[in-house]
Amino acid sequence: MDLERRNEELEELYLLERCFPEAEKLKQETKLLSQWKHYIQCDGSPDPSVAQEMNTFISLWKEKTNETFEEVIEKSKVVLNLIEKLKFILLETPPCDLQDKNIIQYQESILQLQELLHLKFGVATEILLKQASTLADLDSGNMEKVIKDENVTLYVWANLKKNPRHRSVRFSETQIGFEIPRILATSDIAVRLLHTHYDHVSALHPVSTPSKEYTSAVTELVKDDVKNVEKAISKEVEEESKQQERGSHLIQEEEIKVEEEQGDIEVKMSSAEEESEAIKCEREMKVLSETVSAGKHWRTDGISNVSYKPKERLVTFSLDTFGPVTLIQDAHINMPYQSWELRPLDVNKVLLTVTTVFTEIQIQIKENLCMLSSIKLKDKKHISILEGTWMTPIPFIIALKEAGLNIFPTRHSHFYVIINNKVPLVEVKAYRQMALLSSAFAFGWSKWNLLCNSTKVVFKVREHLTEECTENPNWALLMFSGDRAQRLKIKEESEAFSEALKEETEFHSTLYHMVKDFASEEAMEKVRSSNCQFVNSVCHMLLSTRLLSYS
């Protein structure tokens, strides 16, 4: 390939890639417009990026006292929204535009909001318990109270009657319950189960180790508080109780049934419903005791008798101490991927399919938005609350990860996953050019990508101008090194790998000019007229999933 043609191809690619800075410019304009709208709304909520406004908001809420649990739940919606906005600022702002002092400011604001919300829930629970006698259940005589919201569900039980026969408690019209030993059934105690649809524990105890950083608590968080237990049980009585209970260390047994309408929780639990026993083992129960709180990490001891009933979708377990409990999923359970495909659906709209060992995830991308299209578990379609909801790429990625659908490697993921490592610059160039072509060309996984070296990537490509799927698509195999693209002579079904050039084809400097050799004018016109935000969003998803290294 002569130097003159190479320069011409790179110049044309440069003109096409101007869509990326243009998309970033539009993103900044949207951000400024959002800030202006917030300013003129005057709704009382602070601008999370302004330290003075955040400090004022936090101080005023600290000073407010005697709030009911319902009032705190309502306020928590504003607080959780502010936390999400601060996280998005940290994730969306380019590193060059973020000063260290701003990063520290945002992180401190997040921590202060989390701690204050945690404190407010505790105070509101105490106020509620002061009304225990007026909330007594007619049958048992004990206090039972359930307060539910889209983010939080509170279950409070107070032992008013101290009847030793009432050891098993189940809140009415729910499958949430627990069982206590006889000695506690006659004691002056209360139990609170605070079930949140967000992680209100881990973020209060940040840990910098990679294993903690990338193992997210993705499902249930249930906080159990017991009052005055130590006063009610002396060491001697406790020892006698142990003998009566035949050595059992059971303090509490909880039965948790996740209903289908419970949103993100439903996604994570129902995925376990379809999984094999081996995969269920990946979802280990964790407990955080007082000593662990000091150590700032989750641990597995202190939990026994764990069982899961798939049909009832019921988890039962026993604890030997009270404290926060969570179900934790292996952050890399969906890696490496088995295969992937990116194909056009319509003008400036594509479908990205990522197939893992257990799950097939389909994501639609249009303009600057992404949407979970479908999930399949062992070839069976699964319904998620995220389906049909359009979001910009970063919030979308966060939502999928929180739902246990993590297909987004981090900089430390290669420590935990055996990958087909490719040179980062080669990957970036490939993803950018694939995104440029995605409005008219389909791309797919090739087994030969495993056999070429780390400086090259191999994938399938074909022109795709209609939404209909071809039964036997005619794929071409392309190999790309970042500086040179070629069409391979071999096919996906060939018996051996070869870098031989396909007959009557030639080398090019870019993927764009490589496919141009066999593409129709209609396809190339669609590529040239692609929306810049659409191209940028596709590129973002390709960079985030790293399909060429993690498949």
Side-chain angles (χ1 to χ4, degrees), residues 20-21 23-64 75-120 198-217 293-297 331 368 391-399 401-402 408-413 424 428 536 540 543-544:
F20 293 113
E24 287 299 322
K25 181 182 176 182
L26 290 173
K27 188 187 294 184
Q28 291 303 314
E29 290 175 355
T30 303
K31 181 180 178 182
L32 291 173
L33 180 61
S34 176
Q35 290 176 338
W36 172 248
K37 286 182 178 179
H38 177 272
Y39 176 76
I40 62 176
Q41 274 180 346
C42 298
D43 60 358
S45 63
D47 182 341
S49 63
V50 180
Q52 185 176 355
E53 291 188 25
M54 288 299 297
N55 291 336
T56 301
F57 174 82
I58 292 170
S59 298
L60 289 174
W61 198 28
K62 278 183 179 178
E63 293 171 3
K64 196 169 183 180
K75 190 77 168 184
S76 73
K77 296 176 184 177
V78 178
V79 173
L80 292 173
N81 186 44
L82 288 172
I83 291 172
E84 289 304 308
K85 285 182 177 179
L86 286 165
K87 289 179 179 178
F88 292 158
I89 291 173
L90 289 169
L91 288 169
E92 290 184 321
T93 309
C96 57
D97 296 337
L98 267 182
Q99 298 182 17
D100 289 343
K101 65 176 183 179
N102 295 125
I103 295 174
I104 294 171
Q105 170 198 322
Y106 300 150
Q107 290 176 337
E108 286 181 348
S109 294
I110 290 172
L111 191 62
Q112 287 178 333
L113 288 171
Q114 289 171 329
E115 289 177 339
L116 184 55
L117 182 59
H118 199 67
L119 174 65
K120 288 286 186 177
Y198 60 91
D199 186 347
H200 69 284
V201 177
S202 297
L204 298 176
H205 308 286
V207 177
S208 59
T209 58
S211 59
K212 172 62 188 158
E213 188 176 348
Y214 297 108
T215 303
S216 59
S293 295
K296 300 176 182 175
H297 65 274
N368 65 328
M391 292 178 268
T392 53
I394 290 179
F396 176 74
I397 290 171
I398 292 173
K401 292 173 75 172
E402 289 180 347
F408 308 102
T410 67
R411 59 181 178 173
H412 296 290
S413 292
V428 171
N536 193 56
H540 190 113
L543 285 167
S544 298

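All values reported here derive from a predicted model rather than from experimental measurement.
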Please tabulate, one pair per line, all N/O donor-acceptor pairs under 3.5 Å involving side-chain atoms of residues 54-64, not counting sequence neighbours.
| residue | atom | partner | partner atom | Å |
| --- | --- | --- | --- | --- |
| N55 | ND2 | A51 | O | 3.2 |
| T56 | OG1 | Q52 | O | 2.9 |
| S59 | OG | N55 | O | 2.8 |
| W61 | NE1 | E67 | OE1 | 3.1 |
| W61 | NE1 | E67 | OE2 | 3.0 |

Distance from I397 atom CD1 to L91 atom CG, nearest 0.5 Å? 9.0 Å
Heavy-atom pair with the smallest gap, counting every atom of S544 and P409: O-CD, 3.2 Å
Which distance, rounded to the nearest 0.5 Å, do you find between the CG of L80 and the NZ of K75? 12.5 Å
Minimum side-chain heavy-atom gap N102-I89 below 4.5 Å: no
I need the I110 CD1 to L86 CG distance, nearest 0.5 Å. 5.0 Å
Atom pair CG (L113) and CD (E84), whose distance is rounded to the nearest 0.5 Å: 11.5 Å
Heavy-atom nearest pair, P48 first then K85, reads CG-CB, 3.8 Å
Using side-chain heavy atoms (C-beta onward) and a distance below 4.5 Å, is E92 in contact with P395? yes
From OG1 (T392) to NE2 (H540), nearest 0.5 Å: 9.0 Å
Rounded distance [0.5 Å steps], CG in L82 versus OG in S76: 11.5 Å
Is the shortest side-chain heavy-atom distance between N368 and N536 below 4.5 Å? no
Could you check whether any side-chain heavy atom of L116 comes within less than 4.5 Å of a side-chain heavy atom of K120, counting everything from C-beta outward? yes
Can you list the residues that meet the salt bridge (Lys or Arg N to Asp or Glu O under 4.0 Å) rule with E24, with sequence neighbours excluded? K27
